[in-house]
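Structure first, then comments.
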Amino acid sequence: MKIKTKLRLGLGVLFSMILTLSLIAASYIYALKEDTDNILQDNYKTLDYSRSMFLVIDQIHTDPKALMKFEQNLKAQQSNVTEPGEGEVTSKIVSHYNALKKDIYNPQLPVLIRNDLAELTRINMEAIRTKSDKALATVRSAFLWIALTGTVCFLIALTLLVNLPGNIGNPIRELTESIRAIAAKKYAERLHFSGKDEFGELASSFNTMAEKLEEYDNSNLSQILIEKKRIEALINNMHEPVIGLDENKKILFANEEAVKISGIAVSDLLGKSAVELAVQNDLIRALIQEKSSENQNNGHIGSAPLKIYADDKESYFEKEIVDITIVPTGERQKKFIGQFILLKNITPFKELDFAKTNFIATVSHELKTPIASIKMSLQLLESQQPQALNEEQKQLMSSIKEDSDRLLKITGELLNMSQVETGNIQLNIQQSSPYAILKYAVDAVKTTVEQKHIELVIQADDQLADVKADMEKTAWVLINFLTNAVRYSQDESKIYIQLVATEQGVKFLVRDEGKGIDSRYRSKIFDRYFQVPGSSKTGTGLGLAISKEFIEAQGGSIGVTSEIGMGSTFYFELAKAV
Ligand code: ADP
């Protein structure tokens, strides 16, 4: 039954019962009133007339007033005959009275009249008793009916009071709870209202909605799970190790390759904090180290590859850390949600690089001897028959000399570079005088400087402390700075060499007035084989790279300041010998 109908029915019954109760009560009250009215109207008056007649009967023959009073009351009684038998008794009184009027001193007649009056009183008293009994019965029946109807009303009201709030409130409460559950994504929530009322319909609509939401959610979830599996399979099939971290550096995933090289079981890897694992595992530590901290000192040189034992041999990996950011639904700001670390296996390239370095080392080493013998032969030729050569031959000889010098320089640089690449720099660090280094370098570049009519301006502080240096390699760097300065300076310009005392030791500076270096290339000129586009192609692009290695191997620092068109200043600083 519908709630509306239930309510209508309940309240309707209650209302009609109250109405019935009121009607019953009213009708009984009316009946009681009628009963009392009758007693007053019919019997009380008759009794009053009888009493009045009784009181005056004995004075009739003496007092004409009494006669009149008797007659008045008799008349009134004649028009107030209400009870059965009352008419006959009244007629008897009338006939006795008429007889008394004719025979006024007859002593029998007043007695008869008294008897008649007594009879009249009795009839009316009887009637009063009967009516009183009837009224009592009416009261009893009124009480019964009112009590009965009142009880039914009370029971209906009680039933409504007990059931109605629950009947309406409980389903609403359940509905509210279920809506909350749905809002919390618990789509399995259902309403269980049986019955065909409004709540039943509501429950069925609600359950349909929840079912559809559940289905939608499940379909989405399974889709997401499939996509997840696909991506996992993709990552697992990658030949390069990949590790995924969340924003708190917790390991979310690691493919088979990554697990293999880390040497940690998958169960000990997944879900664990990479920072905590890094305490015991060197590889994880190296992996999560951010690039910035690695390259703080030399921003322009890429991070060293990681050497890991994998594939039954020493393997080299290049690490790439990719930050993952998303813009969450409904938001505008990007949010960092984690990183993935990708390791590129560069072992084959490294092997090729080793082969190249070895080849260069062997070739440059092998070339050094024939070049040296060419130079020796030239010197012999020059010293033995200088006058036998004509001008043209002399020119040829000097160009052979220049070329063999350049060849020697190149092979020297290549040899140095191969030493640097294989990590075989042999340092002979001693307490060295900065002035001695300066003199050595200046002497070495003297001829070149003179050829271009360049003026070397030397500004050295007095009493410079000795430095901790490999004399030969430091001089090599200074010579490289100077030959570069000469090469990139105009004829007849100036090159300034400064030796400055610093807090740590001594700073060597070579300033030229050449074309300067574009800011785009300034960070790259210390890279191996790098040459500024458009600059002289005669060099190898190795000089500054070797210089950097030499100086840093000695614990010093190296750098350049330059402005395009304003010349360049190359410098290095070495610590003083204590
Ligand atoms: P290279 O053998 O080519 O000179 P370097 O490593 O010595 O190799 O120098 C790298 C590059 O730096 C050069 O190709 C040149 O373009 C630039 N460079 C070096 N020194 C100077 C300088 N004093 N003035 C302008 N450019 C320079």
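Counting starts at 1 for both ligands and their atoms, following the listed order. Heads up: numbering here begins at 1 and tracks the sequence.
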Can you name the atoms of ligand 1, numbered from 1 with element, that are less than 4.0 Å from a heavy atom of [X]?
X      : value
Thr540 : 2 (O)
Ser568 : 24 (N)
Ile517 : 25 (C), 26 (N), 27 (C)

Original post:
Aromatic rings Phe508 and Phe572: how do their planes relate, parallel, tilted or perpendicular, breaks at 30° and 60°?
Top reply: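 Ring orientation of Phe508 relative to Phe572: parallel.
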Original post:
Should the pair Tyr316 and Phe354 be assigned to parallel (<30°), tilted (30 to 60°) or perpendicular (>60°) ring geometry?
Top reply: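 Perpendicular: the ring planes of Tyr316 and Phe354 meet at over 60°.
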Subject >> Side chains of Glu513 and Ser493, donor plus acceptor under 3.5 Å >> reply: no
Original post:
Between Asn480 and Ser547, does any side-chain donor sit less than 3.5 Å from a side-chain acceptor?
Top reply: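 Yes - a donor-acceptor pair under 3.5 Å links their side chains.
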Original post:
How does Phe530 reach ligand 1, if at all, at less than 4.0 Å between non-hydrogen atoms: by side chain, backbone, both, or neither?
Top reply: backbone
**OP:** Only heavy atoms count here, so choose which of Lys409, Arg487, Gln531 is nearest to atom 4 (O) of ligand 1.
**Re:** Arg487
[X]-ligand 1 polar pair, N/O distance under 3.5 Å:
X      : answer
Asp512 : yes
Gly541 : yes
Phe570 : no

Original post:
Taking NZ, NE, NH1 and NH2 as the nitrogens, is one of them in Glu450 or Lys446 under 4.0 Å from a carboxylate oxygen of the other?
Top reply: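 No, no charged N to carboxylate O under 4.0 Å.
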Subject >> Cationic N near anionic O, under 4.0 Å, Lys313 to Glu351 >> reply: yes
Original post:
Does some non-hydrogen atom of Phe526 fall short of 4.0 Å from ligand 1?
Top reply: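 Heavy atoms of Phe526 never come under 4.0 Å of ligand 1.
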**OP:** Calculate, to the nearest 0.5 Å, the distance between atoms CZ and CD1 belonging to Phe550 and Ile558 respectively.
**Re:**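 Phe550 CZ to Ile558 CD1: 11.0 Å, rounded to 0.5 Å.
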